[in-house]
Trainee: 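Structure below; questions to follow.
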Amino acid sequence: MCGIVGYIGKQQAYPILIKGLQRLEYRGYDSAGIALINNDKLNVYKAKGKVAELIQFAEQKDIQGTIGIAHTRWATHGEPNQVNAHPHYSQSEELAIIHNGIIENYAVLKEGLKEQGYTFSSETDTEVLIQLIEYVKKTNKVDLSTAVQLALNQVVGAYAIAVIEKSEPDVIVAARKGSPLVVGIGEDEYFLASDATPIIEFTDKVVYIGEEEIVTLRRGMEIKIVTISNIEKTPEINKLEMTLSQLEKGGYPHFMIKEIFEQPKTLSDSMRGRVNVEENNITLSGFIDNKEKFLNAKRIIITACGTSWHAGLIGKYAIEEFARIPVEVEYSSEFRYRKPVIHKDDIVIPISQSGETADTLAAVELAKSQGAFIFGICNVVGASIPRNTDSGCYTHAGPEIGVASTKAFTAQVTVLTMLALIIGKEKGTLSEEQYLKITHQLGLIPEKINHILKQNDSIAQFAKTFTYAQNFIYLGRGYNFPVALEGALKLKEISYIHAEGYPAAEMKHGPIALITQEMPVVVIAPNVGMYEKVVSNIQEIKARKGKIISIVTEGDIVVANLSDYSISIPETEECLVPLLAAIPLQLMAYHIAVVKGCDVDQPRNLAKSVTVE
Ligand code: F6R
């Protein structure tokens, strides 16, 4: 949450910073701001709302400077308005700061600073930090990087910050703890950002700043890194694999629909080099390197949030079915605080698209401290979670920019399915015949998704019928219960229609009371698993005049005839249905939200990367 960008070099900073903010806007869009040093002046411009508002505001100003920092905010402390927007000046207006994270002890620090005569214009924790840096700098008569270091030693919380100083137009000092920070190394220029997306068009050389590290970017000099406890670090330069076209809409009206349509490719990418379609064989290096641990595991704990947690539930069904290892699926935010029992021979699998979710990161740290083996499933390469795990698998879905997760979800399910199959095969709990059959079917999934995507226009048509709805219910059983949860989450987060997912058989235990002829009920009813039982559940809803929207297997006329609308998916193995059934649910949520005029890529109150707990 919150995106930060910085630039120092020979180019004008403003266009680079603005473009960077647009790339990072998925991280928060409550306000945006920019600070530049030019002609001995440190100018701050900020506006409530999206980056577009900042551009409009800045248009009337003459913005110059080859050094600057910029911020797009997801509000934590203080309402989203111009005063609380970053960058924040220090009292003397000599320094300016941008910050992603939360300073937990800001109230105590603020009181201390007030006693020293400091006053505050915003309600933010960030303003407290910049005043503290100024106070430390003045009282200790030290340079900016030392002041940042001394100040951060007094801070409890999470941060990625960048600070500039009016009288030092050749230096940016940045630091991180718990929030991400990447430095791009160009020719005589440096970029810094919350992730690599603002950097990629200028350089593919990046340094991921580590926990509690402070980086000093000085014009014409080497990058310098020290820890907050003053240990010098050698910067490790990495090469970015991302491409620019992955960050653009490529002719689609929104990133979300582009990402839904990318799924045949992203799933092929997830399987590339792992699923051998000729031999129907799976190779996962993360598994091979840790085979004994997986084969001897008494228990697996999956920890994740939101959509990733839904993927984890599907993973549980597959691992328990094929590998016969008990799996617990935990919300990271609960797991990290509720004193869970973790054994040394447990395998803990954090799942995260961003690799930065604060609660999942904390869950990883907790499990690590208790000696468990941590196997991460993440999308963003080099993010904090994969850097903190013992081993793992990247999902390779490419950058996901729409705030609602789509292609990352199906990639997570794909990786979990591959893992379940390979453990099952190696343990002997899954027959060779089943293994070959399911692996073969897995290889066919991308083409089957292509086939489903052809129904986009008709889904867009019937979606219009449902914009009246205030509520939706999603039902599924077995592997499709988590799909029902995910379908409901997609709809509520982008269309603001209240939606609930349930195991279909749970309806009778209460929720069926909600059914009226106004209530749309989405039922995932493929002709595998508990098909007949789901048909009975549909009858029960039909008898109460609910509107049925069903996801059925091609050729199924029984459920189609019971439904007001039905969308068909190709036949596949039961464990693979979620990879197909998720697609029409994503499309339906997207089209309902578009017809309702909602901002599908940046839904209200949300941000993509939840780096605060
Ligand atoms: C919903 C969505 C969120 C994320 C959740 C976890 O569409 O995107 O529910 O799944 O915030 O994020 P990651 O996977 O980055 O840890």
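All figures in this text were calculated on a predicted structure; none of them were measured in a lab. Each ligand, and each atom within it, is numbered from 1 in the order the structure gives. Position 1 is the first residue of the sequence, and the numbers go up from there.
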Trainee: Between Val403 and ligand 1, find which residue part has any heavy-atom pair under 4.0 Å and reply side chain, backbone, both or neither.
Mentor: backbone

Trainee: Is there at least one pair of N or O atoms, one from Ser308 and one from ligand 1, spaced under 3.5 Å apart?
Mentor: yes

Trainee: Looking at atom 2 (C) of ligand 1, what's its closest protein heavy atom, distance included?
Mentor: Thr307 OG1, 3.7 Å

Trainee: Among Thr360, Leu361, Thr357, which one puts a heavy atom closest to atom 12 (O) of ligand 1?
Mentor: Thr357

Trainee: State the atoms of ligand 1, each with its element, that fall below the 4.0 Å cut-off from a heavy-atom position in Ser352.
Mentor: 13 (P), 14 (O), 15 (O), 16 (O)

Trainee: Side chains of Met418 and Phe287, heavy atoms from C-beta outward: is any pair under 4.5 Å?
Mentor: no

Trainee: Testing the 3.5 Å rule here: is there a donor-acceptor pair between the side chains of Glu236 and Tyr208?
Mentor: no

Trainee: Please work out which of Cys305, Gly306, Ala589 has its closest non-hydrogen atom nearest to atom 6 (C) of ligand 1.
Mentor: Cys305

Trainee: Given the rule in the side chain to side chain donor-acceptor pair (under 3.5 Å) test, do Glu259 and Tyr252 qualify, once you have shown the distances and angles that lead to the verdict?
Mentor: CA-CA 9 Å; Glu259 288 159 4; Tyr252 288 93; over 6 Å; no

Trainee: Would you say Asn379's side chain and Ala397's backbone share a donor-acceptor pair under 3.5 angstrom?
Mentor: yes

Trainee: Run through Asp599, Asp30, Thr72 and flag the one making a side-chain hydrogen bond (donor to acceptor under 3.5 Å, both in side chains) with Lys50.
Mentor: Asp599

Trainee: Counting only heavy atoms closer than 4.0 Å, does ligand 1 sit against the backbone of Glu493, its side chain, both, or neither?
Mentor: side chain

Trainee: Out of all atoms in ligand 1, which are within 4.0 Å of some heavy atom of Ala404? Include the element for each.
Mentor: 7 (O)

Trainee: Taking only heavy atoms of Lys490, which atoms of ligand 1 are found under 4.0 Å from at least one of them?
Mentor: 1 (C), 7 (O)

Trainee: Does the side chain of Gln353 pick up a donor-acceptor pair with the side chain of Ser308 at under 3.5 Å?
Mentor: no

Trainee: How about Asn84 and Glu79: do any of their side-chain heavy atoms sit closer than 4.5 Å?
Mentor: yes

Trainee: Suppose we measure from atom 11 (O) of ligand 1 to each protein heavy atom; which comes out shortest, and what is that distance?
Mentor: Val610 CG2, 3.9 Å

